[in-house]
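Beneath this line is the structure, given in C-alpha cells, with notes to follow.
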Number of protein chains: 2
Amino acid sequence: MESIESDTDLAGKIEKRISESTIRRLSLYLRALSLLDKKGVKTISSKELASREKLTPAQVRKDLSFFGSFGTRGLGYPVSELRSEIAGILGINRIWKVALFGVGNIGSAMVSYKEFARQGFQIVKLFDNDQRKIGSNHKGIIVSDVSNLEPEIKEAGIEIAIIGVPATVAQYIVDDIVAAGIKAILNFAPINLKVPSDVYLRNENMSMELEYLSFAMVNNHSEKKTKP
Amino acid sequence: MESIESDTDLAGKIEKRISESTIRRLSLYLRALSLLDKKGVKTISSKELASREKLTPAQVRKDLSFFGSFGTRGLGYPVSELRSEIAGILGINRIWKVALFGVGNIGSAMVSYKEFARQGFQIVKLFDNDQRKIGSNHKGIIVSDVSNLEPEIKEAGIEIAIIGVPATVAQYIVDDIVAAGIKAILNFAPINLKVPSDVYLRNENMSMELEYLSFAMVNNHSEKKTKP
DNA sequence: ATCTTTATGTGAAATCGTTCACAATGAAAA
DNA sequence: TTTTCATTGTGAACGATTTCACATAAAGAT
C-alpha cells in the first residue's frame, strides 16, 4: 500500500520521528545486503533478512516502510536496489571527508581501518599537538599541527571529525573544531563533550560494551538477542 | 530496546527485567561518579548527575531504584559509595582477565587502551596467526600462536575474548574460543558471529556511529539527546 | 522543637517502539 | 486466464521505557 503522505514530504511539514534503533538497524541491513549482493543474490524476503540479523520480519518491513515501499509482494526485496536505497537514506552514497584528531593508539587504528573507507568515510587529514608526530607520515597522510586546524579543514573540505585525543584535552580541541565550522563529531575520548545544538555528536565508548558483558556474566543472565 | 532478565534481588524471588538502556546508563553514571570522587565531591543529586549526562533526574532515580535505595532524601547520593555500588552491579569491582585475538590495527589499539585496565579489564594474552607476529612483544605481552589457544587460555584464567581479526576468519577463531570454554566475547569484526546461547556476545561496530552521523546530517535530524 | 527546604523513591500516566494480523498485490502454476 | 501461493505494507494491539507528580524523609534554619 502506498502511504498518502510521502516520506520525503514536499512541504517538509510532517516530520516522522525515526528512532535511533531504526537507523542502527539500517546499518545492519546495509551490511547484510552488501554481502548478498556480492554473492550475486538477487532478491531477499524480510523473513530471510530478519533471520540473518536476529530480528523479526515485521521489524524489517516496518523499518523500511518509514522510507518507502521497496519490495514486491510475493517475491521480496531486490537486493542490489535496496542496498543502494539504504545507502541513500543513510547518506553514504557519497564520499565524506573526515579529519582525525590525535594520532595515538586509537587514532592510528582508525587511519588503517578499512571499513570506514569502504563506507565512504575518507580520512584525509590527521592532526596532533605532539611536535614529534607533526610532519610524520601515517598511511600516506602527513600529520598537521592541531593549532592551525581551521584553514586546513576548510581547504580540505572536511565535514566530520573523529576525536582520538586524551580526555583531558578533548574539550579544547572540540571547541576549536566547532569554531572551524565542523558539524559532526565522533568522540572516542571518555568524557562528555559540550557542543552547540547544531553540531551532531556521537560517543564511542568501548568500555561500555565490556561492562555490559561483565554485568551479564555476574548476573548470569541470558540475552535473547544480540544487539550490534 | 531489549532487556535481559535480572535476579539481583535479595530474596532471589522477584525477577526484575533490567533494560539494556539502564545498564548502559549505569556505565555513564559510573564514569561520572569516578570523576566526581576523584575531585573530592561528597554527594550529588539526581538532578546534577542527570544534567551531566543529558538525562532527566527521574531517569537517574528510576535506574538506581531497580537495584536499591542509595540516596538520602534532601541531600542526594553519596558519590564514593554509589560509585562502588554501581561497580558491584556491573561486576567490575574485580579483575577480568581478557585475551585479544588479532594483533592488527584494532588489536594494537586495544592493548594500549588505558581505559580498559582502569575498569578492571586486564588484557593478559595476545593471539595471532601471523608467524611474523607470534613471539613478538606488545606492551610487555608476547604474542601467542592462535592455533594453540586452549591450554594458554585455561592456564591464564581468561574469561573474556576480544575479537580483532578480519571478518573472513572471525567465525573460525570464535568457534575455537568457544570450544576452549570462553563465555564472553566482544567482537570488532564486521560480521554476525554465531555462538551457543550460553555465550555472551557483544558487537562493536564503529562504522555504525559514522553512519548515524551521516544520516543525521543529510536528514537535518535533530537529536534531542546524544546517546552514548 | 518546629518549620522550611530539598531531594529521594515510586506508583501511575504518557510516550515510544515492537509485534500482530491481515488485506493487498504480484509472481508463478495450472 | 484463472487460481494459488508467497510476501509486502501497515493500522492496531501490545509491551517496554520514560516521564510525571507527589508522598515521604532527612537536613538545616530559626
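In the text below, chain A, chain B and the rest are named by the order of the sequence lines, each starting its count at 1.
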Find the distance [X]:[atom1] to [N]:[atom2] and express it as a whole number of Å.
X: A/Arg17; N: D/dT18; atom1: CZ; atom2: P; answer: 14 Å
X: B/Leu55; N: D/dT17; atom1: CG; atom2: P; answer: 16 Å
X: B/Leu64; N: C/dG9; atom1: CG; atom2: C1'; answer: 11 Å
X: B/Phe70; N: D/dA26; atom1: CZ; atom2: C1'; answer: 19 Å
X: A/Lys47; N: C/dC20; atom1: NZ; atom2: P; answer: 14 Å
X: A/Glu20; N: C/dG17; atom1: CD; atom2: P; answer: 10 Å
X: B/Phe66; N: C/dG11; atom1: CZ; atom2: C1'; answer: 12 Å
X: A/Lys42; N: C/dA27; atom1: NZ; atom2: C1'; answer: 18 Å

Residue-phosphate contact under 4.0 Å: [X] side-chain N/O, [N] OP1/OP2:
X: A/Arg61; N: C/dT19; value: no
X: A/Gln59; N: C/dG17; value: no
X: A/Ser19; N: C/dC16; value: no

For a 4.5 angstrom cut-off between non-hydrogen side-chain atoms, does [X] reach [Y]?
X: B/Met206; Y: A/Glu204; result: yes
X: A/Glu115; Y: A/Phe121; result: no
X: A/Glu209; Y: B/Arg24; result: yes

For residues 69-93 of chain B, please give each side-chain donor-acceptor pair under 3.5 Å, one per line with the distance, not counting sequence neighbours.
residue, atom, partner, partner atom, Å
B/Ser84, OG, B/Glu81, O, 3.2

A/Phe67 and B/Phe215 aromatic ring geometry - parallel, tilted or perpendicular at 30°/60° bounds
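Perpendicular: the ring planes of B/Phe215 and A/Phe67 meet at over 60°.
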
For DNA chain D, which residues in residues 74-85 of chain A have a heavy atom at a distance below 4.0 Å?
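Residues of residues 74-85 of chain A that come under 4.0 Å of DNA chain D are, in numerical order, A/Gly74, A/Leu75, A/Gly76, A/Tyr77.
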
Please classify the nucleic acid contact of B/Lys62 as base, sugar-phosphate, or nothing, using heavy-atom distances under 4.0 Å.
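If one applies the 4.0 Å heavy-atom cut-off, B/Lys62 turns out to touch a base.
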
If you look at every strand shown and take non-hydrogen atoms under 4.0 Å, does A/Ser46 touch a base, only sugar-phosphate, or nothing?
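Here A/Ser46 touches the backbone only, sparing every base.
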
Using only heavy-atom distances, decide whether a donor-acceptor pair under 3.5 angstrom links the side-chain of A/Arg73 to the base of D/dT8.
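Yes, the side chain and the base share a sub-3.5 Å donor-acceptor pair.
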
Side chain of A/Thr72 - closest among C/dT18, C/dG26, D/dC20:
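It is C/dG26.
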
For the side chain of A/Ser65, counting heavy atoms from C-beta on, which of D/dT19, D/dG9, C/dT19 is nearest?
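Given the options D/dT19, D/dG9, C/dT19, the side chain of A/Ser65 is closest to D/dG9.
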
Would a distance-only check, ignoring hydrogens and angles, find a side-chain to backbone donor-acceptor pair under 3.5 Å from A/Asn187 to A/Leu201?
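It does not hold such a pair.
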
Looking only at atom types and distance, does a side-chain atom of B/Gln171 sit under 3.5 Å from a main-chain N or O of B/Lys194, one as donor and one as acceptor?
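Between the backbone of B/Lys194 and the side chain of B/Gln171 there is a qualifying donor-acceptor contact (under 3.5 Å).
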
